[in-house]
Amino acid sequence: STNNCSKMLNYRCSGCIAVGKPLNSRNFTKLLHSCPYQCDRHKVIVEAEDRYKNELRKSLICSKKILLTPRRRQLINKS
Amino acid sequence: MFRGQRGWFCGSVGQDLRQFWVAEGGTVSDPAVADFLFSCDASHPDTQRIYQSLDYIEDNATVFHAYYLSAVANAEIKTSVALGHFILPPACLQKDIRRKIGSFIWERDEQFPIEKHDEV
Ligand SMILES: [Zn+2]
């Protein structure tokens with residue numbers, strides 16, 4: 001509807017206007033990251049998701065480290 | 001519109017939206033090989049698994065609200081709907097995001113019912 005169109009015109013960045021390009025779940029986040037100008041909405045969403053991903057990365061690295069400490073390895077070898 | 005595209009659907013997505021995807025030429029697939037990841041509920045366990053996957057951490061998996069499909073179904077020009085307006089972030093981030101940008105576009109456009117077609 002017209003209402004939707006005018007709404008969409010308010011938000012313009014490559015995340016907003018990349019219509020018709022072969023966008024999908026695999027390339028969209030990378031496209032947003034490479035966008036030199038992100039609209040306020042996309043900027044907020046990207047920043048929040050990036051923070052979340054960083055936390056996950058950290059916890060993944062931590063759990064790997066716990067598994068690989070020498071003491072743990074000894075315990076595993078003994079059993 | 002979706003010919004040759006593979007889509008994964010969270011259990012939270014209604015049957016009408018899946019049917020529209022298939023009617024438009026899309027196929028339904030596993031999350032690992034899907035081109036599109038659709039969900040209607042970020043806190044659904046199916047979708048939470050995506051948010052914890054390596055694909056997601058490495059920026060290779062954006063989850064979109066399945067209302068994108070109803071927006072496409074209702075648009076005069078199907079290709080004019082911006083996929084980017086339908087990003088669905090993890091549930092734990094949504095409150096904070098809303099505080100900064102107001103409601104999500106998929107929340108405002110909830111009134112997009114798929115018009116029932118007789119052939120379905
Ligand atoms: Zn934008």
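Computed from a predicted model, the values in this text were never measured in an experiment.
- Using a distance-only test at 3.5 Å, with no hydrogens or angles considered, no donor-acceptor pair links the side chain of A/Ser25 to the main chain of B/Ala61.
- Within 6.0 Å of CG on A/Asp40 lie no more than 12 heavy atoms contributed by other residues, nucleotides or ligands.
- Here the side chains of A/Leu32 and B/Ile87 are in contact, with some heavy-atom distance below 4.5 Å.
- Under the side-chain contact (heavy atoms from CB on, under 4.5 Å) rule, B/Thr62 has a single partner from A/Asn27, A/Leu23, A/Thr29, A/Asn24, which is A/Thr29.
- Contact of B/Glu58 with chain A is made through the backbone alone, with heavy-atom distances under 4.5 Å.
- With B/Asp59 as the partner, the salt bridge (charged side-chain N to carboxylate O under 4.0 Å, His left out) test is satisfied by one option alone out of A/Lys53, A/Arg26, A/Lys30, A/Arg57: A/Lys53.
- Of all the heavy atoms in B/Ser103 and A/Arg41, the pair that sits closest is O-NH2, 2.9 Å.
- For chain B, the option among A/Glu47, A/Glu49, A/His42 with the highest count of heavy-atom pairs below 4.5 Å is A/Glu49.
- Side-chain contact between B/Leu93 and A/Arg51 is absent, with no heavy-atom pair separated by less than 4.5 Å.
- Taking CD1 of B/Ile57 as the start and OH of A/Tyr52 as the end, the distance is 8.0 Å to the nearest 0.5 Å.
- Closest heavy-atom contact between B/Ala82 and A/Cys16: CB-O, 3.1 Å.
- For B/Tyr51, the parts sitting under 4.5 Å from any heavy atom of chain A are the backbone and the side chain alike.
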